[in-house]
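Here the structure comes first, spelled out in structure tokens, and everything after it is commentary.
Computed from a predicted model, the values in this text were never measured in an experiment. Throughout, a chain's letter reflects where its sequence line sits, starting with A, and its residues are numbered from 1.
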2 protein chains.
Amino acid sequence: MTARETATPPRRRDAAKTRQLLLDAALQRFTRDGYAATTVRDIADDAGVNVALISRYFKSKEGLFEACLTSSVDEIRRNAEDTPLGRTPEAIARQIARPRTEGLLNHLVLLLRSSGDEGADRIRLGLLRSYGERLAEATGSPPGDDRMLLRAQVVLAAATGIALLRTKSGLEPLASATEEDLVPPLRDLIDALLRDR
Amino acid sequence: MTARETATPPRRRDAAKTRQLLLDAALQRFTRDGYAATTVRDIADDAGVNVALISRYFKSKEGLFEACLTSSVDEIRRNAEDTPLGRTPEAIARQIARPRTEGLLNHLVLLLRSSGDEGADRIRLGLLRSYGERLAEATGSPPGDDRMLLRAQVVLAAATGIALLRTKSGLEPLASATEEDLVPPLRDLIDALLRDR
DNA sequence: ACAGTTAGTAAACAGATGCTGACAATAAAA
DNA sequence: TTTTATTGTCAGCATCTGTTTACTAACTGT
């Protein structure tokens, strides 16, 4: 058969779709390898489109990174509205223990990536702050309770640390622990930190 | 006054000292900015020596990074022999809560930095594994107890997450929490995860 | 069918980056 | 003092990286 036949038929032109392809590829790369270690050509190749389109649709590499952050933040927020944070340590633990590729943890890892850009830092910080507050309030503690907020942020930090070590270090048994393995210790952790006191 | 006078007198030649200057500068940069975001010229400038000396003393940028890792690992190990991990949650918590610039936490952040190099990954993994085991044994659990090892690694992950968020995100009140602020929640965390069960 | 607009590509540029080889300055050895 | 080895500098290389510009191909409305 000729190359003509094997080659994918000339992809239909669709700016929105192409933009999304770039965004998805970038999300994966930035999350896995970090900002500096990812090149725009890597992303474009993954998405199967031309490098120049990054500049067209996102202005610059940093613009693309910011778009990734806001996209990630939006999804977390949307997710949060649908399924408000469980009230019980068990429910929270289960949300954190989800498979690495999906859900919250992946987003948290991206949140830790830094481009050195100020706008990106603001976005990141904004989400971390609001998420910590949500976590603190989920315990039933009154808003403005700094002691509890600190504890909630420690939970947040623990979750990100777990996400990082699980995805990047290959440390066993943590790296390939299943959801069932992970929930009991996490439940204990959350219970100890956030129990009303 | 002339430039001649202001300039530091031609530093006495000393290969060992120069090597150490480079190593120290690299440790700081790699820890703070990560591998990819750090250039050899950054490091050389910080150390106040010529770029070419990196290649001479460490073979390559990756060689320098590996040297940083082993140096960091050695110091952690040495530190561990001097002051064996405290048996009580309180003692462990205190070790983690230390100021960000000194002690264990800084090293843990470096441990998370990746160069993509295989040798570096081995070094990193080796330390994480042994540290997790030490932590598990400190609880008095028998060696080979996988449940407890997982819990110890969760503590380790939590500590790294805290270190990262404290140094890199500026998330308040976590970022500027004092040792006293941090010890109580950490004690609870460690107690919940590692208490003999 | 045609003109105008939009989507996508290719090539190249300017600057950065890791690294090297030839050389100069200093210290050590003879 | 002369010779030799070590330490450090300089300039440049090849490659990579983000971005831009000029161009071609496809879609849209008329």
### Task
Could you encode protein contacts along nucleotides 11-22 of chain D as a string, one character per nucleotide from 5' to 3', using B for base contact, S for sugar-phosphate-only contact and - for no contact, with a heavy-atom cut-off of under 4.0 Å?
------BBBB--
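Side-chain N/O atoms of A/D74 and A/S71 include no donor and acceptor closer than 3.5 Å. For the residue pair A/R151 / A/S141, no side-chain donor-acceptor distance below 3.5 Å is found, with atom types taken as modelled.
Rounded to an integer number of Å, the gap from CZ of B/R19 to P of D/dT6 is 17 Å. One atom, CG of B/L53, and another, P of C/dT20, lie 13 Å apart when rounded to the nearest Å.
Both tests hold for B/K61 against B/Y35: distance to the six-membered ring centre under 6.0 Å, angle to the ring axis within 45°.
Here the nucleotide nearest the side chain of A/R13, chosen from C/dA7, D/dG8, C/dT9, is C/dA7.
At the phosphate of C/dG8, OP1 or OP2 sits under 4.0 Å from a side-chain N or O atom of A/Y57. The side chain of B/T18 contributes no N or O atom lying less than 4.0 Å from OP1 or OP2 of D/dT7.
Ion pairing of A/D121 with A/R124 is present here, as a side-chain N (NZ or NE/NH1/NH2) and a carboxylate O approach within less than 4.0 Å. With respect to B/R94 and B/E90, a salt bridge is recorded, a charged nitrogen being found less than 4.0 Å from a carboxylate O.
Within the structure, every pair that satisfies the side-chain hydrogen bond (donor to acceptor under 3.5 Å, both in side chains) test and touches residues 44-59 of chain B, not counting sequence neighbours, is listed here: B/R29-B/D46.
A/F58 comes within contact range of no nucleotide atom at all, as no heavy-atom separation falls under 4.0 Å.
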